[in-house]
Amino acid sequence: MTSPLHHHAQGQPTAPAVVSSDRTWSYRALDAAVREAAGRLRKEGIASGDRVVLVPSRQPKFIVLLWALWRVGAVAVPLSRRLPGPAQRAQAERVGGQGAVVEDPEPFTSLRPVLSVEDMVSGGSPRPERRPEQAPDRDATIVFTSGSTGRPKAALHTWANHLYSAKGANANLPLRRGDRWLLSLPLYHVGGLAILVRCALAGAAVAVPDPETDLATALVDLQATHVSCVATQLRRVLNTYPEPPAPLRAALLGGGPLPAPLLDRAYEGGWPVLTSYGCTEMASQVTTTAPGASRSTLNTAGTRLPHRRVRIGPDGQILVAGRTLFRGYVQEGTVTDPREDGWYPTGDRGRFDAQGRLHVVGRIDRMFVSGGENIQPEEIEGALGRISGVTQAVVVPVSNPEYGHRPVAFIRTDGAIDEGKLRERLRDRLPGFKIPDVFFPFPEGRGESGLKVDRQGLQEWAQAHVSQGTDPEGDTPKASSR
């Protein structure tokens, strides 16, 4: 297929493609910049199929670089800017990186070539080019998973995976020419990459916030019509704008279940929210609610989008397949396909209701046993989230000499944490063995890793601060914080 950038550069050359605080790039200008960058990459020896490392920030130059790599036929390997240099180097080596285009070459001296971002995307006169093609079956990206439940995995996607992910998303939430989707997620996250492809297919614009600008300010300054948010981002924006700023038409929520009080605030404030379920392996969304969904529907993850397949396995696990499903995991140059009879096991528990809406229950690998009873942390988190004043709750297990493991909770509230009140409210919703032994405030500087909750970090902190356990059927906790 023809490159979507080139297609719109021919059909609507003056339409905005990228908008920032100091410049608007038309589709003609963006296509020309990509063409010039692609020529420089080729001149420096970057060829089709090469795995090229980059450490992107949310800046227009990295949008140009990504599209240029895809135009060359290279595989973009975006790494997190949050990682220290040695960890970035290790990830590059794990996937067999064959070059890098970076701002800091130090971690990547073992790769060849190591090129400067500025040198590759600096202005110049575009060279003549044949109509650029995007071969659907060509490898396009290697994206590392969040690693919230273990070591991050390197997921290999084809261009078709990203293409059909965007097609299905746009079918549910149509984008128009002139729309602006705020680049609120990092470009080393599959959700950030998805924004680029959705906008390019529709001829819409990517709105790029200044690096130091908060999300609420960027929404207004850049006149965004669409935004993607995780719970933490939505909470911060609602603190600034209880009602949505014009001309916002959609706020796509992902990154895990959202606390009910947070959804209540958004819905009652008139925010045009859509809830969803997705994963890196499926190139972003799998199910999503429709625009204008009722409050009860927003308690679900919505229905299946086009080009995806979803079913629930005998053990309650969510299984997915379809044209958006990645090729496999990359490890030391080898691609491992984790499909089982054509289906990818997500590790999430779920169920469908009578309307075909997906309800995500929780992670299979988060369930733990306490005194012979199964405990799913997300169930306790949901019960805590329905208590007035609780704005966020995360439950993790800690070792206990008598019961094996016991739950403890980390809480964010509108005021001080009242353990007695929390226990009283939970007794109306949960059996005694599921009530957490201890309620901690989130420790300073801990609890979040990138876009997701750092459960492993919280569990380690809790284990270090909890002494003996609690009688799970009693009212008086034996555990205490040191």
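Take D353 and apply the salt bridge (charged side-chain N to carboxylate O under 4.0 Å, His left out) test, not counting sequence neighbours, and it matches R357. Judged as a side chain to side chain donor-acceptor pair (under 3.5 Å), and not counting sequence neighbours, R58 has no contacts. Contacts of W25 classified as ring-ring contact (aromatic ring centres under 6.0 Å, His included), with partners at least two apart in sequence or in another chain: none. Scored by the salt bridge (charged side-chain N to carboxylate O under 4.0 Å, His left out) test, R249 finds D179 as partners (sequence neighbours excluded). For Y329, the ring-ring contact (aromatic ring centres under 6.0 Å, His included) criterion is met by F326, not counting sequence neighbours. F352 pairs by the ring-ring contact (aromatic ring centres under 6.0 Å, His included) definition with nothing, not counting sequence neighbours. Listed by chain and residue number, nothing satisfies the salt bridge (charged side-chain N to carboxylate O under 4.0 Å, His left out) test with R94 (two or more places apart in sequence, or in another chain). T217 is linked by a side chain to side chain donor-acceptor pair (under 3.5 Å) to D214, counting only residues two or more places apart in sequence or in another chain. Residues passing the side chain to side chain donor-acceptor pair (under 3.5 Å) test with R89: none are found, sequence neighbours excluded.
The shortest non-hydrogen separation linking A205 to P16 is CB-O, 3.5 Å. Taking both residues in full, the closest heavy atoms of R23 and A29 are given as NH2-CB, 4.5 Å, listed atom of the first, atom of the second, then distance. Minimum heavy-atom separation, G192 to L187: O-CD2, 3.9 Å. The minimum heavy-atom distance between W70 and A140, with the atom names listed, is NE1-O, 3.0 Å. What you find for D315 and R349 is that their closest heavy atoms are O-NH1, 3.2 Å. When all heavy atoms of V395 and R455 are compared, the pair lying nearest together is O-NH1, 3.4 Å.
Here CH2 of W67 is found 4.5 Å from CG of L5. Values are rounded to the nearest 0.5 Å. Atom OG1 in T303 sits 9.5 Å away from atom CG in L358 (nearest 0.5 Å). Put simply, CG on N172 and OG on S276 are 10.0 Å apart, with the number rounded to the nearest 0.5 Å. Distance CG/L258 to CZ/R235: 8.5 Å, rounded to 0.5 Å. Rounding to the nearest 0.5 Å gives a distance of 9.5 Å between CG of L175 and CG of L201. Once rounded to the nearest 0.5 Å, the distance linking CG of L193 with CG of N161 reads 12.0 Å.
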Review item, side-chain donor-acceptor pairs of residues 218-225, under 3.5 Å, at least two apart:
{"from": "Q223", "atom 1": "NE2", "to": "V220", "atom 2": "O", "distance (Å)": "2.9"}
{"from": "T225", "atom 1": "OG1", "to": "R180", "atom 2": "N", "distance (Å)": "2.9"}
{"from": "T225", "atom 1": "OG1", "to": "R180", "atom 2": "O", "distance (Å)": "3.0"}

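Between T287 and T300 there is no side-chain heavy-atom pair separated by less than 4.5 Å. Looking at heavy atoms from C-beta onward, L262 lies in side-chain contact with L238 at the 4.5 angstrom threshold. Looking at heavy atoms from C-beta onward, T391 lies out of side-chain contact with P259 at the 4.5 angstrom threshold. No side-chain heavy atom of E44 sits under 4.5 Å from any side-chain heavy atom of D119.
In the model, E118 has no side-chain atom that pairs as donor or acceptor with a side-chain atom of S116 under 3.5 Å. Counted by atom type alone, S21 and D210 present one or more donor-acceptor pairs between their side chains at under 3.5 Å. Looking at T158 and R327, their side chains never bring a donor and an acceptor atom within 3.5 Å of each other.
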* side chain to side chain contact (heavy atoms under 4.5 Å, CB included) assessment of S228 paired with R198 -> CA-CA 12 Å; S228 300; R198 286 183 215 132; 4.1 Å; yes
* side chain to side chain contact (heavy atoms under 4.5 Å, CB included) assessment of F442 paired with L458 -> CA-CA 8 Å; F442 276 74; L458 290 176; 4.0 Å; yes
* To do: Just do the side chain to side chain contact (heavy atoms under 4.5 Å, CB included) check on R265 and W271 with the steps written out, would you?
  => CA-CA 9 Å; R265 285 179 63 194; W271 277 76; over 6 Å; no
* To do: Run the numbers on V114 and T109 for side chain to side chain contact (heavy atoms under 4.5 Å, CB included), then give the verdict.
  => CA-CA 7 Å; V114 179; T109 53; 5.9 Å; no
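Residue-environment remark: CZ (R308) exceeds the threshold of 12 foreign heavy atoms within 6.0 Å. Within 6.0 Å of atom CD in E243, 12 or fewer heavy atoms from other residues, nucleotides or ligands are found, so the atom counts as exposed in its surroundings.
Residue pairs meeting the salt bridge (charged side-chain N to carboxylate O under 4.0 Å, His left out) criterion with at least one partner in residues 97-114, sequence neighbours excluded, are K61-E103, R81-E103. Under the salt bridge (charged side-chain N to carboxylate O under 4.0 Å, His left out) criterion, the residue pairs touching residues 334-348 are D337-R339, D348-R363, with sequence neighbours excluded.
The side-chain contact (heavy atoms from CB on, under 4.5 Å) test with L156 singles out one residue from V75, T336, V143, V77, and that residue is V75. The side-chain contact (heavy atoms from CB on, under 4.5 Å) test with V227 singles out one residue from L185, L182, L183, and that residue is L182.
Ring-plane geometry between H162 and W159 is classed as tilted, the angle between the planes lying from 30 to 60 degrees on a 0 to 90 degree scale.
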